[in-house]
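Below: one structure, written as structure tokens.
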Amino acid sequence: MRTMGLAGLDELVAALGRAGYEVYGPRARDGAIVLAPIAGVADLPHGVGDTQDAAFYRLRDRGDAKVFGYSTAVQGLKPVLFPAHELLWKARKTPIGFDVEDADATPPKPRAFLGARDCDLRALAVHDTVLASREFADKAYGQRREGVFVVAVTCSDPCGTCFCVSQGGSPKPQEGYDLALTELLDGDGHRFLVEVGSERGAEILAEVTTTDAPPTDTAAADAVVAEATASMGRTLDTSDLHDVMYAAADSPHWDEVAARCLACTNCTLVCPTCFCTSVEDTTDLTKSMTERHRVWDSCFGSRFSYIHGGVVRESGKSRYRQWITHKLAGYQDQFGLSGCVGCGRCITWCPAAIDITAEAAALRAGLTTGATDALETAGETR
Ligand code: SF4
Ligand code: SF4
């Protein structure tokens with residue numbers, strides 16, 4: 001364990017730049033914390049906190065000098081590693097047909113992420129499984145993902161919509177990082193406890209001015225984690241959740257949610273694990289060049305489930321049921337993990353204040369006797 005000050009953090013960003021990384025970190029921009037390229041500590045959100053609740057997000061002045069004193073950035077690492085819009089190929093008309101050119105296959109500059117939370121890292125692990133570890137891997141994602149350097153940071157100020165602890169996470173980064181920091185600000189000064197998670201992390205840290213961490217700093221960091229763990233804004237009862245979701249397939253509660261849902265797709269856009277896409281073709285005005293683009297799509301869109309002559313999920317009720325059931329049950333069947341890391345973003349950014357934790361609780365509470373029997377049978381069968 002090492003300790004460094006704010007100047008050391010600046011040296012760390014510089015060392016990552018010298019090593020060839022494009023460094024992304026939290027920035028306060030347009031009234032929100034966003035992940036964007038940074039040149040140094042000066043770009044971080046000094047003294048900025050956030051207040052989040054269902055359909056509510058505001059930045060606030062913390063009244064101190066913390067640079068990681070907010071809960072989560074508006075989006076995780078997804079928009080950088082799995083962009084919302086991507087050219088797949090171009091076709092150019094020729095006298096006898098057309099030539100197809102693949103999108104530029106030059107590997108992108110490696111990225112370093114400063115400030116990733118544990119929920120961001122677990123969401124990254126979901127994308128690694130879904131996009132890069134199956135038979136038909138996403139080559140472009142794999143290229144961007146390769147060589148990513150992560151400086152994770154303990155979440156000291158979870159917001160009102162956070163429930164990562166219910167989902168097996170923690171305010172303290174667990175794995176998948178090269179370096180992990182815990183920001184400390186007390187009578188002993190403003191500093192960062194540093195833990196090394198990889199060889200690359202140790203190599204980069206060797207270029208930074210650090211000192212041995214005193215036991216008081218490790219104790220202070222443990223206290224930050226304990227306090228954050230105890231102040232999660234929400235909880236989700238995950239016992240038998242997979243079976244609860246399937247048993248609730250015919251619940252009347254779906255109609256109640258559908259009456260509020262605007263099908264705006266916000267929840268899927270901010271969700272760090274959502275990965276659905278569609279393709280769009282564009283042709284230039286001379287009709288000599290066509291491009292195919294991959295774009296993020298959402299299961300809340302009316303055309304998302306269109307297959308061979310019809311839309312499978314026409315109602316808002318069926319679309320919300322698809323989304324939450326896939327997150328909390330279907331992912332386990334498909335990928336062996338939960339599709340929700342408890343980051344709370346879908347709750348904050350839903351304009352109708354639809355809350356995945358509250359809806360799951362209502363579905364559980366509304367199970368009929370018959371459904372409860374089925375649930376017990378499913379449990380016995382497993
Ligand atoms: S479903 Fe909601 S809480 Fe869960 S990972 Fe997605 S955005 Fe976060
Ligand atoms: S649940 Fe909320 S965020 Fe998601 S589509 Fe419906 S209204 Fe939009």
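For ligands, and for the atoms within them, numbers begin at 1 and follow the listed sequence. All values below were derived from every heavy atom in this structure, side-chain atoms included, with hydrogens, water molecules and symmetry-related copies excluded. Computed from a prediction, not measured in an experiment: that's the story for all the values here. Quick note: residue numbers are just sequence positions, from 1.
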**Request:** May I ask you to check whether S338 and Q167 show a side-chain donor-acceptor distance below 3.5 Å?
**Result:** yes
**Request:** Could you walk me through whether D99 and T94 pass side-chain hydrogen bond (donor to acceptor under 3.5 Å, both in side chains), step by step?
**Result:** CA-CA 7 Å; D99 289 337; T94 66; 4.9 Å; no
**Message:** If we only look closer than 2.8 Å, how many protein N, O or S atoms does atom 6 (Fe) of ligand 2 have near it?
**Reply:** 1
**Request:** Could you name all protein N, O or S atoms found under 2.8 Å from atom 4 (Fe) of ligand 1?
**Result:** C340 SG
**Message:** Under 3.5 Å, is there a donor on one side chain and an acceptor on the other for K327 and T273?
**Reply:** yes
**Prompt:** How would you list, by chain and number, every residue that makes a ring pair (Phe, Tyr, Trp, His ring centres under 6.0 Å) with F149, sequence neighbours excluded?
**Reply:** Y21
**Asked** Just one of R234, R321, R364, R260 clears the salt bridge (charged side-chain N to carboxylate O under 4.0 Å, His left out) bar with E359, so which one?
**Response** R260
**Message:** Ignoring hydrogens and geometry beyond distance, is a side-chain donor-acceptor pair present between S71 and D50 at under 3.5 Å?
**Reply:** yes
**Request:** Provide the number and element of each atom of ligand 1 under 4.0 Å from a heavy atom of F163.
**Result:** 3 (S)
**Request:** Return the orientation label for the F335 and Y331 ring planes: parallel under 30°, perpendicular over 60°, tilted otherwise.
**Result:** perpendicular
**Message:** Heavy-atom pairs closer than 4.0 Å: do any link ligand 1 to the side chain of W349, the backbone, both, or neither?
**Reply:** neither
**Complete:** Within 4.0 Å of some non-hydrogen atom of W323, the atoms of ligand 1 are 1 (S)
**Message:** side-chain hydrogen bond (donor to acceptor under 3.5 Å, both in side chains), that's the test. Do T161 and T348 meet it? Break it down for me.
**Reply:** CA-CA 7 Å; T161 56; T348 298; 2.9 Å; yes
**Prompt:** Do H190 and D64 have a side chain donor and acceptor closer than 3.5 Å?
**Reply:** no
**Item:** Residues that H127 engages under ring pair (Phe, Tyr, Trp, His ring centres under 6.0 Å), provided they are two or more places apart
**Value:** F82
**Asked** If only atom types and distance count, is the side chain of R62 paired as donor or acceptor with the main-chain N or O of G69 below 3.5 Å?
**Response** yes
